[in-house]
Each structure stands twice: as C-alpha cells, then as structure tokens.
Amino acid sequence: MAEIIEFDKKAQDLRSVRDTSLRRRKIEALRKIFQCARCMLKCAKCGAQLDGEGEEPSRFATPYAFCSNCREEYEEYRERTCSGQSAPRYYWHNEEWLKAWDSWIEHQKWLDRYRQSKEFLQLLDEVEELLRK
C-alpha cells in the first residue's frame with residue numbers, strides 16, 4: 001500500500017503539461033505572424049532591411065513596406081496591370097514575373113483575411129489573457 005498512485009495529481013500534472021505546451025504554441029503562432037510576417041523594418045517582398053532614408057514618393061499607394069527595388073517592381077507591376085502596358089521596363093519582367101507578383105499579392109490578401117478571421121482574433125484574445133496571468 002506504500003506505492004499508491006495518486007491518479008488525480010497525475011492527471012492534473014498531465015493537464016498542466018498539455019496546457020503549457022498549448023500556451024507555447026499559441027504564443028509562437030502569434031510571434032511568427034507579427035514579428036516575422038509584419039515587420040515594418042524589412043521589405044515585405046524580399047525581406048531586405050529597410051533604412052527609411054531617401055524614400056521617393058511612390059506613384060501608387062503601396063499596401064506594404066517595400067525596399068526601393070521592390071517598390072520599383074511594384075510600380076511597374078501596377079502600371080502594366082492597370083494600364084495594360086505590355087512593354088516591360090526590363091526584359092526579365094516577363095509574363096511569369098507578372099504572375100509571380102499576382103500570386104504574391106493574392107497571398108498577402110489571404111494572410112490579411114486570415115488575420116481578420118474570428119478564430120485568429122480569438123487566438124489573440126486567448127494569448128492576451130495568458131499574458132495577463
């Protein structure tokens with residue numbers, strides 16, 4: 001009888017370990033989305049560090065922070081898709097390049113929609129509550 005297993009304590013310990021693991025996963029999910037995907041100090045397209053110096057006004061409103069090279073590409077992309085201009089500025093800005101930009105913009109739109117979903121907003125609330133404890 002000296003080796004009685006306390007099932008309630010054992011079950012509570014297992015729940016605590018699972019809760020801690022779930023808490024870590026929630027916090028890590030948010031960290032990746034906010035720290036990595038939405039860092040305003042790096043280019044949203046290529047990831048280059050932004051210095052903020054000497055930025056010229058853009059012809060088009062850019063929905064994301066771009067370095068000068070990606071901003072130039074975005075402007076050409078917009079010019080070609082909005083005006084129907086077919087002559088690229090550079091020979092490598094071909095149809096596949098346009099499709100790559102199309103898919104990147106579409107991907108960003110879906111990420112924005114995901115961040116506005118009720119489940120993601122619920123995750124934000126849960127992590128906020130965890131951090132207050």
J.: Can you measure from SG (Cys82) to CZ (Arg78) and round to the nearest 0.5 angstrom?
T.: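 Here the rounded value is 4.0 Å.
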J.: To check you understand the geometry: which heavy-atom pair defines the closest contact between Arg115 and Leu121, and what is its length?
T.: O-CD2, 3.7 Å
J.: Any chance you could measure Ser117, atom OG, to Asp112, atom CG, to the nearest 0.5 Å?
T.: 11.5 Å
J.: Do Trp104 and Tyr64 have ring centres separated by under 6.0 Å?
T.: yes
J.: If you measure from the Lys or Arg side-chain nitrogens to the Asp or Glu carboxylate oxygens, is any gap between Lys99 and Asp102 under 4.0 Å?
T.: no
J.: Between Glu76 (side chain only) and Arg89 (backbone N and O only), is there a donor and an acceptor less than 3.5 Å apart?
T.: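 Yes; judged by distance alone, with no hydrogens or angles, the pair exists.
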J.: Give the intermediate values and the outcome of side-chain hydrogen bond (donor to acceptor under 3.5 Å, both in side chains) for residues Tyr77 and Glu72.
T.: CA-CA 9 Å; Tyr77 164 78; Glu72 180 184 333; over 6 Å; no
J.: Would you find a donor on one side and an acceptor on the other, under 3.5 Å apart, between the side chain of Arg80 and the backbone of His93?
T.: yes
J.: Please round to the nearest 0.5 Å and tell me the distance separating atom CD of Glu75 and atom SG of Cys70.
T.: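 These two atoms lie 11.5 Å from each other.
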J.: How many angstroms lie between CD in Glu119 and CG in Leu123, if you round to the nearest 0.5 Å?
T.: 10.5 Å
J.: How many angstroms lie between atom CD1 of Ile105 and atom CH2 of Trp110, to the nearest 0.5 angstrom?
T.: 15.0 Å
J.: Just checking, Lys45 and Trp101: is the charged tip under 6.0 Å from the six-membered ring centre and within 45° of the axis?
T.: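 Yes, Lys45 and Trp101 form such a contact.
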J.: Is there side-chain contact between Leu50 and Cys43, with at least one heavy-atom pair below 4.5 Å?
T.: yes
